[in-house]
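First the structure, in the form of structure tokens, and then the observations on it.
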Amino acid sequence: MTRTALFVLGLCALALPLGASGQTDPHTYSDPGMSFTAPADFTPIPVPSSSPDQFTQPTVVAAFARHPKQSDMTIITLQMENTSEDLNDFAADAESKARNQGSESVFVKKELTTLSNGMPAYFLDITASQDAGEAKIYEYVWVDRVRGVTLAISGRFGTIDDKSAKKALANVSAVAYPRNRY
């Protein structure tokens with residue numbers, strides 16, 4: 001699994017109380033450049049709040065888990081980082097990071113697509129094999145002039161597939177981030 005997924009797994013194990021994200025609806029992350037609402041059967045995991053356009057490193061800004069602490073747990077993470085790259089370069093970096101995550105073997109399929117409101121994005125289908133089995137990770141990646149954004153869902157092989165991943169991540173929209181907003 002990716003470092004992000006392992007970070008979120010650690011948060012799930014701590015069973016932190018809800019409400020740390022500062023969002024009014026715990027299933028929704030929204031800022032001037034994007035909005036995502038997680039499915040109702042996912043539990044929000046609190047993450048420290050941060051300015052939506054000032055990242056010194058890739059930062060998880062929202063996380064959600066279905067069936068926490070169970071073998072079929074599925075995690076959704078929303079991660080952002082400042083970037084001046086275009087979409088193709090940012091997607092290539094995301095693919096490279098997936099391939100270099102330390103798994104025995106990683107297979108990545110990348111498809112150019114759009115988010116629900118037409119924002120250009122790539123959809124990555126990642127299979128990572130390790131001694132403990134295979135993990136599936138599906139990611140939408142896009143850039144909004146200021147940030148590179150990764151919306152990912154991950155779980156053990158067999159707990160999610162392409163169709164269920166796209167359904168769980170479907171309620172996302174993004175626009176060009178309004179510069180100098182904060």
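Both backbone and side-chain heavy atoms feed into the values below; hydrogens, waters and symmetry mates do not.
Of all non-hydrogen atoms in Ala174 and Met119, the two that sit nearest each other are O-CB, 3.5 Å. Residue Ala63 comes nearest to Val47 through the heavy atom pair CB-CG1, 4.3 Å, listed as atom of the first residue, atom of the second, then distance. Nearest heavy-atom pair, Ile137 versus Ser154, reported as atom, atom and distance to 0.1 Å: CG1-CB, 3.8 Å. Here the shortest heavy-atom pairing between Ala98 and Ile126 reads CB-CD1, 3.7 Å. Closest approach of Met73 and Pro68 over heavy atoms only: SD-CA, 3.7 Å. In this structure, Thr28 and Ser35 approach most closely via the heavy-atom pair CG2-OG, 4.1 Å.
Residues Arg156 and Ser71 meet the side-chain proximity criterion, which asks for heavy atoms closer than 4.5 Å. Looking at heavy atoms from C-beta onward, Ile76 lies in side-chain contact with Pro39 at the 4.5 angstrom threshold. Looking only at side-chain heavy atoms (C-beta outward), Thr74 and Phe64 stay at 4.5 Å or farther from each other. Between Ile75 and Phe42 there is no side-chain heavy-atom pair separated by less than 4.5 Å.
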Solution key, residues 141-153 side-chain donor-acceptor pairs under 3.5 Å, sequence neighbours excluded:
| unit_1 | atom_1 | unit_2 | atom_2 | d |
| --- | --- | --- | --- | --- |
| Asp144 | OD1 | Val146 | N | 3.2 |
| Asp144 | OD1 | Arg147 | N | 2.8 |
| Asp144 | OD2 | Arg147 | NE | 2.8 |
| Asp144 | OD2 | Arg147 | NH2 | 2.7 |
| Arg145 | NE | Tyr177 | O | 3.3 |
| Arg145 | NH2 | Tyr177 | O | 2.8 |
| Arg147 | NH1 | Asp31 | OD2 | 2.6 |
| Arg147 | NH1 | Pro52 | O | 2.7 |
| Arg147 | NH2 | Asp31 | OD1 | 3.2 |

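Between the side chains of Ser96 and Asp93, not a single donor N or O lies within less than 3.5 Å of an accepting N or O. For Lys136 and Thr127, the side-chain atoms include at least one donor-acceptor pair closer than 3.5 Å. A donor-acceptor contact under 3.5 angstrom links the side chains of Tyr122 and Asn88, judged on distance only.
Cation-pi check for Lys166 over Phe123 is met; the charged atom lies under 6.0 angstrom from the ring centroid and within 45 degrees of its normal.
When the side chain to side chain donor-acceptor pair (under 3.5 Å) test is applied to Asp41, the partners found at least two apart in sequence or on another chain are Arg66.
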